[in-house]
There are 2 protein chains.
Amino acid sequence: MATRGPKRTLTVEKVAATALQLLDDEGPAALSVRGVAAALAVRPNAIYTYVPDRAGLERAVIELVLSQSQLELLEGPARHWRKRIRDYAVSLRALLLDHPGAAMLMMSAPMDSPSALEVGERLLGVLADAGLSPTARARGVWLLIVQVVGSVALDVAETDGRRPLPPEAERVVARRQALSQLDAEVWPRSVAAVDVQASWVTSEQFVWSIDRVLDGLAAAAR
Amino acid sequence: MATRGPKRTLTVEKVAATALQLLDDEGPAALSVRGVAAALAVRPNAIYTYVPDRAGLERAVIELVLSQSQLELLEGPARHWRKRIRDYAVSLRALLLDHPGAAMLMMSAPMDSPSALEVGERLLGVLADAGLSPTARARGVWLLIVQVVGSVALDVAETDGRRPLPPEAERVVARRQALSQLDAEVWPRSVAAVDVQASWVTSEQFVWSIDRVLDGLAAAAR
DNA sequence: ACCTGAACACCGTTCAAGT
DNA sequence: ACCTGAACACCGTTCAAGT
C-alpha cells in the first residue's frame with residue numbers, strides 16, 4: 001500500500017501548507033491554484049494530482065487549520081462542562097482569527113473534515129457530561145459549531161482578511177466611528193447602543209454569546 | 001437633486017436585481033461583473049458606474065434580499081417576544097434558502113447595510129420587551145444574527161448553491177448516507193447520533209437552536 | 001504515476017476616448 | 001455623466017504528451 005514513488009515531489013500536506021502560507025502572508029486574493037503551483041515551482045495543472053479542484057484546495061486548507069485546535073481543552077471533570085466548552089471555544093476563535101483567510105473559507109465548505117468530526121465527537125461527550133439527552137447533545141453540538149464558526153466569520157468579514165488582523169481595540173474604534181454616523185431619527189435604539197454594537201467583534205461579546213448558549217443548553221438538561 | 005439624466009440607462013437597483021436573478025437562475029459561478037453586464041446588454045466596465053467593485057455588487061445583492069424580509073413579524077405584544085423572534089427567524093431562513101447563492105455571500109460581507117441595521121433596530125425593541133438590560137439587548141441582537149445567518153450559510157455550504165435547493169428530506173437522506181460510512185471505532189458517539197446529525201440542516205434543528213438561544217436570553221433577563 | 005505544454009474560456013479592473 | 005474600446009494581468013480546468 002505504499003503510495004510514495006520516486007517521481008513524487010509533492011504531497012497533499014505540502015500543497016495545503018503552501019496554500020495556507022500564501023493565504024496568511026498575501027491575503028485571500030492571493031490564494032489560487034496557479035499561485036500555489038508557482039510557490040511550489042510546478043506548473044498549475046500539477047496541483048490537480050493532489051486536489052480535485054479549487055474547492056478541494058480550500059477544504060485542505062480548512063482541515064489543516066482545524067487540525068491545530070486544542071481539543072484537549074474539552075477534557076476535564078463533568079461538573080466543569082461549561083468551562084471546558086468555553087475555554088475550547090475561545091481557543092478555537094483565537095486560532096481562526098490568526099488565520100483570517102482560512103476562517104473566511106469555513107462558511108462556504110461542508111463541516112465534514114476529519115478534524116470537524118473529531119470536534120463534534122468530543123463535544124458530544126462534554127454535553128453528555130452536562131446531562132443532556134442523546135438528541136439534545138447532538139443538536140447542541142450543531143448550535144455551538146454554528147455560533148463559534150459563524151461569529152468568527154462575521155468578525156473577519158469586516159476586515160480584508162490579511163494577517164495579522166488589526167488589534168481588537170482598533171477594530172472597535174473603527175466600528176464606533178462608522179456607527180456614530182447613523183441617523184438617530186431612523187435608528188434611535190441602534191444609536192443609543194453604539195458602544196455595545198461597536199464591541200460586537202470583541203472576545204467579550206463572543207464569550208457573552210457562548211455563555212447565553214450554555215445557559216440555554218443547561219436549561220435543556222432540566 | 002435629480003440624479004436621472006437622459007443618458008442613464010441603468011440604476012443600482014436594476015444592476016442588483018439582474019445580479020440576483022443571475023445568481024438564482026444560473027448559480028454562484030455565474031455571478032460576475034461581466035455576466036451582469038452581458039445580461040444588461042452593456043460592456044463590462046459600464047457596471048462600475050453603479051458599484052465600486054465586485055464586492056460592492058455582492059453587497060447590493062445581499063441588501064436586495066435582506067430588504068425582502070418580513071420585519072412585521074417582529075411586531076406584537078411584549079409577552080410574545082419569543083414567538084416574535086422565532087417567527088421572524090424562521091421566515092428569514094426561508095427567504096435566504098430561497099436565494100442560496102445570496103445566502104452564501106452574507107458571511108463574507110459586513111452586516112452594515114440599511115436593511116441589516118433595520119433588523120438590528122427592531123430586534124433591540126423586542127429584546128427590550130423581553131426585559132433585558134440595554135447592554136444585554138445589544139449583545140443579544142448579535143447573538144441572534146450570528147445564529148440565524150450562520151446556520152443558513154452552513155446549510156447552504158453543503159449544496160451547490162443552485163436554486164431551488166433539493167428538498168430538506170432529500171438533503172437529510174444524503175447526509176445520513178454519508179455519515180453512516182463513518183468508522184464507529186473512531187467516532188463512536190457521532191455514529192450513535194447519526195440520525196440527529198443528519199438532521200442538522202432541518203428547520204427542526206434551526207428552531208431548536210433558536211429556542212435554546214431564547215432560553216439563554218430569557219435567563220439573562222433574570 | 002506524475003508532471004509539462006499548450007490551449008480554452010473565462011475573470012476584475014484600468015484608462016483614454018467618445019457622446 | 002455615462003458608456004465604449006481596448007488592453008492588462010490574471011483565473012480554473014482540460015487534454016494530449018512526455019518520462
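Source: prediction; values computed, not measured. Chain letters run A, B, ... following the sequence lines, proteins first and then strands; every chain starts at 1.
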**Prompt:** Using 4.0 Å as the upper bound for N to carboxylate O, is an ion pair formed by A:Arg171 and A:Asp155?
**Reply:** no
By the Watson-Crick or G-U definition, both distances under 3.5 Å, D:dG12 is matched with C:dC8
Of A:Leu105, A:Leu23, A:Leu95, the one forming a side chain to side chain contact (heavy atoms under 4.5 Å, CB included) with A:Val65 is A:Leu95
Next on the checklist: Contact between B:Asp211 and B:Ser209 at the side-chain level, heavy atoms closer than 4.5 Å - yes or no?
Outcome noted: no
Under a 4.0 Å heavy-atom cutoff, the residues of residues 52-65 of chain B touching DNA chain C are B:Asp53, B:Arg54
Rounded to whole Å, NZ of A:Lys14 lies from C1' of C:dC3 at a distance of 17 Å
Notebook entry, point to check: Are OP1 or OP2 of D:dC3 and a side-chain N or O of B:Thr49 less than 4.0 angstrom apart?
Noted result: yes
Separation of C:dG12 atom C1' from B:Ile47 atom CD1, nearest Å, is 12 Å
With the side chain defined as heavy atoms from C-beta on, B:Arg43 is closest, among C:dG12, D:dC2, D:dT4, to D:dT4
Side-chain N,O (B:Thr9) to OP1/OP2 (D:dC3) below 4.0 Å: yes
Item checked: Interatomic distance at C1', C:dA1 relative to D:dA17, whole Å -> 14 Å
Exercise. Is it true that B:Glu58 and B:Arg54 have a side-chain N and a carboxylate O under 4.0 angstrom from each other?
Worked result: yes
Report task. For the pair A:Glu168 (side chain) and A:Ser203 (backbone), establish whether a donor and an acceptor sit closer than 3.5 Å, ignoring hydrogens and angles. Result -> yes
Taking a pair to mean Watson-Crick or G-U wobble geometry with both distances below 3.5 Å, D:dC3 pairs with none
| request: For C:dC11 and D:dC8, measure between their C1' atoms and round to the nearest Å. | output: 12 Å
Exercise for review: For B:Gln68 and B:Leu64, indicate whether the former's side chain and the latter's backbone hold a donor-acceptor pair under 3.5 Å.
Suggested key: yes
note: A:Arg8, atom CZ; C:dC3, atom P; distance rounded to Å ~ 7 Å
Of the candidates D:dG12, C:dC3, C:dG12, the side chain of B:Arg34 sits closest to C:dG12
Phosphate contact (D:dT14 OP1 or OP2) by A:Tyr48 side-chain N/O below 4.0 Å: no
Of the listed C:dG12, D:dC3, D:dC11, the closest approach to the B:Ala46 side chain comes from D:dC3
Picking from D:dC3, C:dT4, C:dT13, the nucleotide nearest the side-chain atoms of B:Pro44 would be C:dT13
Of the candidates C:dT4, D:dC11, D:dC3, the side chain of A:Val42 sits closest to C:dT4
Between OH of A:Tyr50 and P of C:dA1 the distance, given in whole Å, is 13 Å
Between B:Arg175 and B:Glu158, does at least one N-O distance fall below 4.0 Å, as a salt bridge requires?
yes
